[in-house]
Amino acid sequence: MDFLSDFFMRFGAQLQSPTLGFLIGGMIVAALSSRLAIPDAIYKFIVFMLLLKVGLKGGIAIRESNLAEMLLPAAFAMLMGILVVFIARYTLAKLPKIKVVDAIATGGLFGAVSGSTLAAGITVLEGQNIAYEPWAGALYPFMDIPALVTAIVLASIYTSKQRDTTDEAFSKQEYLSKKGGTLVKYGGQQDITASGYPSEQGSNTDERVKIWPIIKESLQGSALSALLLGLALGLLTRPEPVVDTFYEPLFKGLLSILMLIMGMEATARLGELRKVAQWYALYALVAPLLHGFIAFGLGMIAHYATGFTPGGVILLAVIAASSSDISGPPTLRGGIPSANPSAYIGASTAIGTPVAIAIGIPLFIGLAQVLMSS
Amino acid sequence: MDFLSDFFMRFGAQLQSPTLGFLIGGMIVAALSSRLAIPDAIYKFIVFMLLLKVGLKGGIAIRESNLAEMLLPAAFAMLMGILVVFIARYTLAKLPKIKVVDAIATGGLFGAVSGSTLAAGITVLEGQNIAYEPWAGALYPFMDIPALVTAIVLASIYTSKQRDTTDEAFSKQEYLSKKGGTLVKYGGQQDITASGYPSEQGSNTDERVKIWPIIKESLQGSALSALLLGLALGLLTRPEPVVDTFYEPLFKGLLSILMLIMGMEATARLGELRKVAQWYALYALVAPLLHGFIAFGLGMIAHYATGFTPGGVILLAVIAASSSDISGPPTLRGGIPSANPSAYIGASTAIGTPVAIAIGIPLFIGLAQVLMSS
Amino acid sequence: MDFLSDFFMRFGAQLQSPTLGFLIGGMIVAALSSRLAIPDAIYKFIVFMLLLKVGLKGGIAIRESNLAEMLLPAAFAMLMGILVVFIARYTLAKLPKIKVVDAIATGGLFGAVSGSTLAAGITVLEGQNIAYEPWAGALYPFMDIPALVTAIVLASIYTSKQRDTTDEAFSKQEYLSKKGGTLVKYGGQQDITASGYPSEQGSNTDERVKIWPIIKESLQGSALSALLLGLALGLLTRPEPVVDTFYEPLFKGLLSILMLIMGMEATARLGELRKVAQWYALYALVAPLLHGFIAFGLGMIAHYATGFTPGGVILLAVIAASSSDISGPPTLRGGIPSANPSAYIGASTAIGTPVAIAIGIPLFIGLAQVLMSS
Amino acid sequence: MTQKASKLVIVTEKVLLKKIAKIIDEAGATGYTVVDAGGKGSRNVRSSGQPSVSDNFSNIKLEILTRNRDIAVKISDLVAAQFFDDYSGIAYICEAEVLHAHKF
Amino acid sequence: MTQKASKLVIVTEKVLLKKIAKIIDEAGATGYTVVDAGGKGSRNVRSSGQPSVSDNFSNIKLEILTRNRDIAVKISDLVAAQFFDDYSGIAYICEAEVLHAHKF
Amino acid sequence: MTQKASKLVIVTEKVLLKKIAKIIDEAGATGYTVVDAGGKGSRNVRSSGQPSVSDNFSNIKLEILTRNRDIAVKISDLVAAQFFDDYSGIAYICEAEVLHAHKF
Ligand SMILES: Nc1ncnc2c1ncn2[C@@H]1O[C@H](COP(=O)(O)O)[C@@H](O)[C@H]1O
Ligand SMILES: Nc1ncnc2c1ncn2[C@@H]1O[C@H](COP(=O)(O)O)[C@@H](O)[C@H]1O
Ligand SMILES: Nc1ncnc2c1ncn2[C@@H]1O[C@H](COP(=O)(O)O)[C@@H](O)[C@H]1O
Ligand code: NA
Ligand code: NA
Ligand code: NA
């Protein structure tokens with residue numbers, strides 16, 4: 001009882017943070033169909049600034065830290081990235097009316113990491129003076145890439161299996177339809193088609209999924225590039241003056257604007273989410289917290305094993321709870337083209353991210369304070 | 001004599017402020033047809049930042065203030081918004097070669113409020129350490145919306161009356177021209193037309209002006225949305241940390257850039273203004289000061305009645321003097337489509353705003369110091 | 001020996017500066033074909049902010065300084081601008097496979113000044129607490145404009161001479177080809193042409209190169225406009241509050257982002273440079289340092305003659321070493337349309353700017369410390 | 001296997017986008033494409049209050065492919081009747097052949 | 001002295017730009033022009049994960065002039081076969097006459 | 001009640017916009033529409049010194065509707081003669097029918 005009341009009090013306090021306020025403000029503004037819009041250039045620049053700063057701080061920190069400490073958390077991050085996709089594969093994908101590729105792609109996006117959620121987590125921690133390993137932000141790619149790779153590989157295996165099955169069935173049908181002249185002809189009016197030659201493309205190619213191109217594609221995305229660039233600059237040069245006078249002081253403020261955008265975006269994507277099966281909404285509501293809890297547990301193991309700080313444990317849980325909103329979607333659009341982007345982007349942006357930020361962050365902080373404050 | 005010399009000395013001192021310098025600098029740069037351009041994304045972002053900050057500060061202030069104090073100034077703001085439109089209706093609209101709808105729209109724009117002028121006023125006040133009610137910025141919508149609504153309603157009433165008169169005349173003409181086959185045919189070449197079916201649209205619709213859609217349209221505009229969002233966030237969350245470290249310190253600098261843009265814009269719009277009757281230029285020169293003086297008088301009533309600060313009186317005069325440059329024009333374009341945007345945008349942006357900032361602000365400050373410094 | 005070891009130590013220390021780190025980081029990021037991109041609006045805004053600030057500081061400084069001091073350095077800056085073009089005309093243009101107009105345009109670009117390199121020089125000086133005349137930034141136009149004017153004039157003279165020669169040859173050929181019906185017809189397929197009427201345009205026009213339009217064109221460019229606007233505002237208004245709280249603190253940080261962009265740009269332009277004769281690469285490698293050394297020498301004369309500070313000497317060398325990347329190219333594209341932009345933009349952006357920043361700045365600082373530190 | 005189509009092009013003020021999109025939908029067209037545009041016409045006012053210093057492109061160009069010329073003309077007529085008295089705009093039609101489409 | 005040409009227009013998702021540019025090159029077209037576009041079609045998903053609040057225009061419109069109608073049709077067929085199962089897109093052809101070009 | 005028209009399309013470098021606009025005006029066309037464009041042609045240099053990292057679209061596409069084919073050809077010829085020696089560019093003509101215009 002004491003545990004619970006303590007927890008709820010702390011949880012409640014979090015709800016007043018400006019970070020959350022801007023997120024919810026954005027959701028409401030968009031819901032009232034305001035014409036307020038933050039220009040795309042500003043949005044991209046803010047994301048760049050935030051991730052560069054996380055990278056710079058991480059790089060500076062790594063210079064002075066014992067890298068061995070990072071090993072266990074990094075391994076757990078990788079594990080989480082892969083695990084999340086398999087969870088989606090064996091839960092979401094099994095639900096009625098859910099296309100398997102859509103479910104896998106959704107798992108990939110929820111396994112991947114959101115820079116804005118990570119930045120929000122860091123800001124809230126700093127607002128509460130909770131210490132964390134400054135290199136914790138560098139766990140991002142360790143979870144992000146494995147999640148995207150796993151999703152794309154799983155989807156490719158699944159679709160190539162499917163195709164084999166269909167091909168057999170199809171070759172018969174083709175035989176029949178050939179007499180009719182045109183392969184695809186529905187009704188009198190419909191005499192042109194979108195793709196013209198369905199399924200011909202993949203017919204006789206042996207497509208083994210290549211993993212390296214997927215990793216490269218991820219690393220080349222704008223979000224990871226900014227983070228890794230920051231890491232490298234922090235590690236190899238002496239950027240402290242510019243970090244302390246520019247990137248650091250602007251961080252919190254830029255984040256508040258990003259939260260506003262994410263909130264507006266969440267509302268805007270809700271419509272898209274409505275067009276797909278409602279199971280996506282349920283998944284998007286539950287998955288962030290579930291993933292966060294698992295990662296929190298893994299983090300606690302690292303806490304007791306190698307002294308991973310409570311702040312670090314919280315951040316690990318936060319990035320696990322987060323779902324990618326910037327870098328993930330285009331990678332998945334290219335990697336699993338047959339998946340419906342409305343399903344995964346809707347689920348992630350409209351529900352996953354708000355849940356991770358608004359519920360996840362305060363939840364994991366409250367939990368850490370109760371469980372590790374000794 | 002002493003009064004005047006004192007006043008002119010203070011007025012002169014204002015002219016050296018950087019705010020004004022950037023405004024005039026922008027005007028000159030554009031007049032020399034420099035290719036210097038501030039990207040549109042930056043412009044929109046600056047306006048957003050400034051209005052959000054005004055809102056945040058206002059919201060934080062309202063938390064701790066006696067809302068009853070706001071009542072009288074808010075009522076005066078509403079009064080001013082409505083009054084300004086009627087002034088235009090019974091002065092500008094009566095001048096020769098002036099279309100009534102154009103005059104009403106111009107009145108609406110001058111009654112509405114300019115975020116940049118408001119921000120300039122606040123910055124100058126702070127530069128001079130003149131205290132003002134922090135919620136004074138929240139008077140914005142109380143003047144802005146009534147002005148736009150009044151203008152659109154007046155214009156609708158006017159045009160529907162006009163149409164009734166024309167319709168009678170027209171039905172005869174139509175009868176005659178029908179023999180000719182085509183309704184609209186000028187000369188041999190001119191066999192296509194812009195609208196095709198003139199006046200048919202409004203023929204048998206009973207158009208009572210609906211006020212709520214106009215208010216909604218105003219509130220949903222980007223400027224008011226940003227201000228109200230800031231107000232709500234300031235009121236309901238605890239944004240002080242991010243306001244103090246981000247929005248507040250950037251305010252003055254961002255304003256200087258906005259002043260530059262407004263100056264460039266003023267020069268650019270001068271050409272448009274030249275195409276309409278010169279009365280618009282005269283109106284745009286006189287109206288801001290006249291409106292400011294009336295509002296100043298009302299503000300003084302509030303000063304003596306409820307202790308409205310001199311700074312507050314100045315800001316009330318400044319927003320009355322200001323004419324909308326961001327949110328107003330699209331609302332009017334939609335609400336009074338038949339009004340010529342060259343008339344009202346030219347008058348407001350090319351002359352109204354520079355006059356309000358460059359003459360109005362120092363004038364009202366000087367006045368306040370002389371009249372209320374006791 | 002002592003001299004050299006001392007020099008190399010100081011030179012080495014410069015290589016760790018964040019300015020350089022971001023430049024190289026950008027080059028690498030682009031080389032790894034990352035999709036990281038800084039929006040164009042941000043890029044333009046940063047350049048504007050940096051040059052405005054250099055201008056503002058310069059203007060404020062000029063208010064309090066003895067303008068006579070500026071005379072000699074300004075004269076040397078002009079001399080350098082002109083000299084650089086003639087150097088290109090009598091070295092680069094004489095190399096095999098090099099078109100003369102291309103070489104002249106390249107000389108113009110290398111004689112002109114880069115705002116980003118200047119800003120980098122100032123930042124590094126300030127990081128090292130090396131004093132410099134705050135008006136040194138105002139030397140920019142004194143070198144930039146003469147270089148562009150000289151290049152355009154030289155190219156015009158050259159092309160009009162060429163045309164006279166060709167015209168004679170051509171008139172005969174024309175006579176012959178007229179029988180064939182079409183003037184320009186290569187092969188059976190090629191019956192349409194790009195320009196249709198080759199050389200007809202310039203036939204009977206007496207084109208004396210007008211210098212004033214070129215100067216005006218330069219002054220109206222966005223970079224020079226921002227600098228001169230800042231100068232004027234610094235000189236005539238009292239912008240100190242906004243400079244100290246906004247432009248100054250953001251300078252270093254914005255520069256770091258600009259360096260990143262310049263680095264990415266350098267890599268991106270390398271491909272273009274590869275398409276032109278390799279001599280451009282060699283020129284771009286050697287010229288910045290050569291120009292810098294000459295200017296350094298001239299600066300030392302001013303140092304001993306009128307007490308020009310070592311920091312001022314370094315900045316003079318840096319702007320001489322710099323090659324224009326923002327304002328120069330469009331001016332040259334318009335002024336010498338027949339020159340191939342791939343040649344000059346590639347040489348300047350891909351190699352010239354990185355060399356000036358990464359080698360030039362530390363080199364001249366080291367040199368100054370060794371030669372003038374007494 | 002191609003399909004003759006009419007391509008209606010409307011260049012007009014950006015503020016009208018939503019309203020015209022509704023007309024297009026209601027007329028039964030299967031879609032439209034829109035790009036930001038600038039331009040000059042009889043009124044060289046570009047309205048909308050956007051700062052022209054920072055952004056000159058406040059026209060839009062809409063392209064609507066229809067199987068049936070009548071639908072295109074109908075959309076054009078409706079748009080012109082409703083807006084071209086008060087707003088800048090031009091509407092013209094070209095011929096096209098649709099090769100591939102998801103729904104046309 | 002003009003040259004009859006076919007103008008192929010493809011409106012599709014921005015993510016495909018590089019891949020389609022490659023197809024165009026390989027098919028032997030001499031060039032293409034591309035503009036940012038928005039639009040509405042059968043799927044009104046605009047993909048790519050870009051925040052629609054801040055940017056609605058994530059389609060592109062490609063225009064390819066070819067001397068030879070067959071090349072245009074071939075490009076269209078290849079693009080449609082490869083992408084239109086999974087991505088939004090429409091392709092149509094118009095007639096044009098090239099007046100001036102550097103290489104056509 | 002439509003009006004046959006020629007639509008001239010010019011794709012060229014952005015720096016030329018003002019100069020070409022002047023030629024269009026002087027040739028007596030009633031207006032033009034311009035959009036930002038990118039592209040690839042024989043010279044794939046896009047000039048103008050804009051950072052290609054941050055902005056790839058430095059072509060413009062101009063469309064000019066003229067009642068009279070000759071005016072279109074004349075504009076095209078003038079633009080080509082004056083600029084296409086030194087600048088990237090292509091010009092072509094299509095047929096169109098103007099349905100509604102303020103002045104055409
Ligand atoms: N002759 C024309 N050719 C191409 N575009 C035109 C033409 N006339 C007008 N336009 C476009 O239509 C818009 C509105 O024209 P207007 O209503 O005449 O001002 C202009 O801003 C141009 O973008
Ligand atoms: N009938 C149409 N007319 C013009 N553009 C269309 C049409 N149908 C589709 N489009 C464009 O093609 C894109 C993809 O269409 P779709 O694949 O049907 O979603 C849309 O976003 C539109 O930009
Ligand atoms: N075959 C083509 N189809 C469409 N656009 C083209 C074609 N050729 C050239 N262009 C456009 O014209 C511009 C200039 O072409 P060029 O002068 O050949 O470099 C290119 O950047 C393209 O945008
Ligand atoms: Na995750
Ligand atoms: Na007002
Ligand atoms: Na130089």
Side-chain angles (χ1 to χ4, degrees), chain E residues 1-12 14-39 55-69 71-72 75 79 92-104, chain F residues 5-14 16 20 23 27 33-47 52 55-64 66 69-97:
Chain E
M1 203 93 343
T2 68
Q3 165 67 42
K4 290 258 175 262
S6 293
K7 180 171 95 166
L8 170 66
V9 181
I10 301 176
V11 181
T12 189
K14 208 173 194 170
V15 278
L16 301 178
L17 176 54
K18 274 196 187 168
K19 290 176 188 163
I20 296 181
K22 217 177 138 224
I23 293 177
I24 294 171
D25 274 359
E26 288 171 1
T30 54
Y32 61 86
T33 296
V34 55
V35 302
D36 275 321
D55 186 359
N56 307 309
F57 292 80
S58 62
N59 274 350
I60 47 167
K61 187 175 102 172
L62 285 148
E63 295 177 334
I64 307 109
L65 290 161
T66 58
R67 218 171 242 271
N68 186 315
R69 191 187 150 97
I71 296 183
I75 293 171
V79 167
Y92 60 89
I93 224 166
C94 299
E95 272 167 35
E97 263 173 88
V98 175
L99 303 176
H100 294 277
H102 285 104
K103 198 185 143 204
F104 187 73
Chain F
S6 293
K7 180 171 96 166
L8 169 66
V9 181
I10 302 176
V11 181
T12 188
E13 301 185 22
K14 207 173 192 167
L16 301 178
I20 296 180
I23 294 176
T33 296
V34 55
V35 301
D36 274 321
K40 191 166 173 284
S42 61
R43 337 184 162 191
N44 57 357
V45 179
R46 214 62 36 68
S47 88
S52 68
D55 188 359
N56 307 311
F57 292 81
S58 60
N59 274 350
I60 46 166
K61 187 174 102 172
L62 284 148
E63 294 177 335
I64 307 108
T66 58
R69 192 186 149 99
D70 292 349
I71 295 184
V73 172
K74 186 177 140 203
I75 293 171
S76 170
D77 284 351
L78 285 170
V79 168
Q82 223 165 309
F83 302 115
F84 285 9
D85 274 335
D86 293 327
Y87 295 89
S88 299
I90 195 168
Y92 60 90
I93 224 167
C94 300
E95 273 166 33
E97 263 172 88

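Just so it is clear: chains get the letters A, B, ... in the order the sequence lines come, proteins before strands, and each one is counted from 1.
Proximity to chain F is limited to the backbone of E:Thr30, based on heavy atoms less than 4.5 angstrom apart. Within the 4.5 angstrom heavy-atom criterion, only side-chain atoms of F:Leu8, from C-beta onward, approach chain E.
Closest non-hydrogen pair, F:Tyr92 versus E:Leu65, comes out as CD2-CD1, 3.2 Å. Here the closest non-hydrogen pair linking F:Val73 and E:Leu99 is CA-CD1, 4.4 Å.
In this structure, CD1 in F:Ile93 is found 8.5 Å from OG1 in E:Thr2, a value given to the nearest 0.5 Å.
In terms of heavy-atom pairs under 4.5 angstrom with chain E, the leader among F:Val9, F:Ile90, F:Ile10 is F:Ile90.
Between E:Ile24 and F:Lys40, every side-chain heavy-atom pair lies at or beyond the 4.5 Å cut-off.
Partners of F:Glu95 under the salt bridge (Lys or Arg N to Asp or Glu O under 4.0 Å) rule, at least two apart in sequence or in another chain, do not exist in this structure. Applying the salt bridge (Lys or Arg N to Asp or Glu O under 4.0 Å) test to E:Lys61 and every residue at least two apart in sequence or in another chain returns D:Glu63, E:Glu63.
In this structure, E:His102 and F:Phe84 have tilted ring planes: the angle between them lies in the 30° to 60° band.
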